[in-house]
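Worksheet: one structure, shown below.
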Protein chains: 2
Amino acid sequence: MTAPAGSVNAIAYDCKMPRPTLRDVAEAAGVHAATVSRALNPATQSQVKPATARRVLKAAKTLGYRPNPIARSLKTSRSGTVGMVIPDIANPVFPPMVRGLESILEPHGYNCWVVSTDNDATREAELIAGLQGNHVDGFVLATARVDDPLLEKLHDEEAKIVLVNRRTSNQPILSVVADDVTGISLAVAHLKKLGHQRIAHLAGPQNTSTGQARSAAFRHAVRDHGLSDDPRLVIECGDWREAFGAEALRTLLSRDVNFTAIVAGNDLIALGCYDVFRETGLRCPDDISVIGFNDMMFMDKVQPPLTSVRVPHRQVGAEAGRLLVGMLNGEIDDARSVLLPVELVVRDSTAPPHGSGRPELQS
Amino acid sequence: MTAPAGSVNAIAYDCKMPRPTLRDVAEAAGVHAATVSRALNPATQSQVKPATARRVLKAAKTLGYRPNPIARSLKTSRSGTVGMVIPDIANPVFPPMVRGLESILEPHGYNCWVVSTDNDATREAELIAGLQGNHVDGFVLATARVDDPLLEKLHDEEAKIVLVNRRTSNQPILSVVADDVTGISLAVAHLKKLGHQRIAHLAGPQNTSTGQARSAAFRHAVRDHGLSDDPRLVIECGDWREAFGAEALRTLLSRDVNFTAIVAGNDLIALGCYDVFRETGLRCPDDISVIGFNDMMFMDKVQPPLTSVRVPHRQVGAEAGRLLVGMLNGEIDDARSVLLPVELVVRDSTAPPHGSGRPELQS
DNA sequence: TTGTATGCGTTATCAA
DNA sequence: TTGATAACGCATACAA
């Protein structure tokens, strides 16, 4: 007479059975769905009698019950996932960060959703909105610009944010960055010790804190070491990629200015220099020494092996994870900034200077 | 007198306002929520009078309404996202695939959720379950093993799946792979033309279709070319990574067998060989020629620049995207398999043989 | 063409 | 300690 009270799942006979729900488990255990919810949630488990809890757990296991994150998220507005936003998934510095982040998040029960913006602000806005819509509990952003309205908006909305790699100005936001100043200083000191007097700097984009920090550090370092601070020796690259490094070096070479070494804003820019060396017949390190930044994967295997400032990328991600989990647990509410140590890895792209660095251009 | 009928959102005055909902828009437009839903959904827009639709759209825009994907997903069991599962985010062959995939998905309104399994089956199962729980509409899997219970289960559940890079046996599942046979054949032909007679193969893991296909292709190719098919010249690496390639080469060198060239299962295995060359003083290509597979990023810049079989990784991802979208739209229901062409990129790691390839070991 | 009612699977607030 | 009930935001069958 009465309609079956149970969910349709319990009477489904076809083989493509929908996943069991709380109610299915409740029915199997002979209790109410609410009780199942309590029994299965560690935080509320104490409210239920041990005997019933055991019954519920057993029923859940035999049915193969898995909570539906979507429904839970709709109800709680939390998702157990954090969004990691990176500028370019093809840039080898980011994968280690992702792994470091995941290594911390996982034991805390969080997942990580990685998206890549292609350095496109519009795309970035869409992706972040998408992550917000999917109720990510926090963000790890590797895309911060010095003046970043998107970031300001997110911060105003009280989103939980940790910046990696780059920072933003005038916003009290947690960040994890490498010690750029020390890194550049080590690079310049190394070159000076080799005997270089005129060092060029192919700076990264100045709308990023990293680009700014490194080029400011470069200017200070050359002055501190009493080396030439000829402004013509510093050039800004349009992007952190190889092609832009190559372009910058070509511009630099077209200027009538001598130099025997280059401090590149990062490894990719340094590799762009390698391309130009091949084009022009310049030899590295014989004609020009080069130092990169990051010491990313394979830099020991390129020709010549690249001298570079090693950044502990995995650790950057891990530290960001620790900070974010701390925020999500309410243990951290200040805007601390973590500075991770770097070291100079000397390889074969640096050597004492032989001449002006531009032999064939001097006739 | 009457209680306010509107949602609390409409009368919230604090600055951290919750996102407007369908009901807020409905109230603003003076219609029912259902109408708003219809007006905003392209598929049902025709059911609503143009004038009302315009009003609704305007209200939605002024309120800054964005549909809540979670609620929508709970209702529809679809999410507009697909999960991409890769074995190792730090392996440079995968980022281009991800970008290729995204480039197709995006214009079709789909997002992409990338997870990395670390080659850990347990972790993979958890991640896939997580993606299922989050109602991803389909999967792109780069982790398939030849005998893969996880994959079978997923397939039995009628999940929409496209495999990339690897396939599975005995399952009618769509796949996009490179033409391994031709690639290996080109490699062997190239080495034969250079004069090599005894060629070794450092095979990838044989529990992957790619590993199997390439080593089978190798055996056929050497026979077809009348070269030595000494089984001691073939060795299986435990993983696709450098360390395992190095290990395999050390084992090979410890055997008392001559060879002058190596066809590596992939580029990372080839780079592992480079490490052993450095350890042992062997020179490449003078003592031993090496050919890689994939031609991943930077392989033109390592020392010596690596001869490799180029796989169009971006295109692999893009093709997978097309197939998956086709499935999701119901336009594809057969289990087609796409074979993408490869080409041999000759660089400096291959040269005519000079001796046995193991000069210092021959005393 | 629009409104009403219901449910997706959970959690949380009550009351028992 | 447990059960009933409502709500999260949306989509849809049905009624009007």
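Numbers restart at 1 for each chain; the letters A, B, ... are given by sequence-line order, proteins then strands.
- With rounding to whole Å, A/His135 atom NE2 is found 14 Å from C/dT10 atom C1'.
- In this model, the phosphate group of C/dC8 is approached by a side-chain N or O of A/Arg23 to a distance below 4.0 Å at OP1 or OP2.
- For residues 105-128 of chain B, the salt bridge (charged side-chain N to carboxylate O under 4.0 Å, His left out) pairs, not counting sequence neighbours, are A/Arg99-B/Asp118, A/Glu102-B/Arg123, A/Glu106-B/Arg123, A/Arg123-B/Glu106, B/Glu124-B/Arg145.
- Every residue two or more places apart in sequence or in another chain that forms a salt bridge (Lys or Arg N to Asp or Glu O under 4.0 Å) with B/Asp334 is listed here: B/Arg336.
- Under the salt bridge (Lys or Arg N to Asp or Glu O under 4.0 Å) criterion, B/Arg322 pairs with B/Glu319, not counting sequence neighbours.
- In this structure, B/Leu22 atom CG and D/dC8 atom C1' are separated by 13 Å, rounded to whole Å.
- Closest approach of B/Ala90 and A/Pro95 over heavy atoms only: CA-CB, 3.9 Å.
- Put simply, A/Ser37 has no side-chain N or O that comes within less than 4.0 Å of OP1 or OP2 on C/dT10.
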Below 3.5 Å is the cut-off: list the nitrogen or oxygen pairs between protein and nucleotides 13-16 of chain C, distance only.
none

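- With D/dA4, C/dT10, D/dT1 as the choices, the nucleotide that has an atom nearest any side-chain atom of A/Thr21 turns out to be C/dT10.
- For the side chain to side chain contact (heavy atoms under 4.5 Å, CB included) test, residues two or more places apart in sequence or in another chain that qualify with A/Asn41 are A/Ala43, A/Thr44.
- Take B/Arg314 and apply the salt bridge (Lys or Arg N to Asp or Glu O under 4.0 Å) test, not counting sequence neighbours, and it matches no residue.
- At the phosphate of D/dT2, neither OP1 nor OP2 sits under 4.0 Å from any side-chain N or O atom of A/Thr35.
- The interatomic distance linking B/Leu63 (CG) with D/dG9 (C1') rounds to 15 Å, in whole Å.
- In this structure, B/Asn41 atom CG and D/dA11 atom C1' are separated by 8 Å, rounded to whole Å.
- The salt bridge (charged side-chain N to carboxylate O under 4.0 Å, His left out) pairs that include a residue from residues 41-55 of chain B number zero, where partners must be two or more places apart or lie in different chains.
- With sequence neighbours excluded, the residues that form a side-chain hydrogen bond (donor to acceptor under 3.5 Å, both in side chains) with B/Arg167 are B/Ser337.
- Residue contacts for A/Thr52: at a heavy-atom cut-off of 4.0 Å it reaches the sugar-phosphate backbone alone, with no base atom in range.
- Considering B/Val162, B/Val140, B/Leu163 as possible partners of B/Val176, the one that fulfils the side chain to side chain contact (heavy atoms under 4.5 Å, CB included) test is B/Val162.
- When the side chain to side chain contact (heavy atoms under 4.5 Å, CB included) test is applied to B/Ser79, the partners found at least two apart in sequence or on another chain are B/Ser73, B/Thr81, B/His135, B/Asp137.
- One finds a side-chain N or O of A/His32 lying less than 4.0 angstrom from the OP1 or OP2 phosphate oxygen of D/dA4.
- Here the C1' atom of nucleotide D/dA11 and the CD atom of B/Gln45 are 15 Å apart, to the nearest Å.
- Considering only residues two or more places apart in sequence or on other chains, A/Lys153 meets the salt bridge (Lys or Arg N to Asp or Glu O under 4.0 Å) condition with A/Glu157.
- Across its full length, the helix from C/dT1-D/dA16 to C/dA16-D/dT1 shows an angle of 40° between the axes of its 5 terminal pairs at either end, rounded to 10 degrees.
- The stretch residues 64-78 of chain A comes close to DNA chain C through A/Tyr65, A/Arg66, A/Pro67, A/Asn68, A/Ala71, A/Arg72, A/Lys75, A/Thr76, each having a heavy atom under 4.0 Å from the strand.
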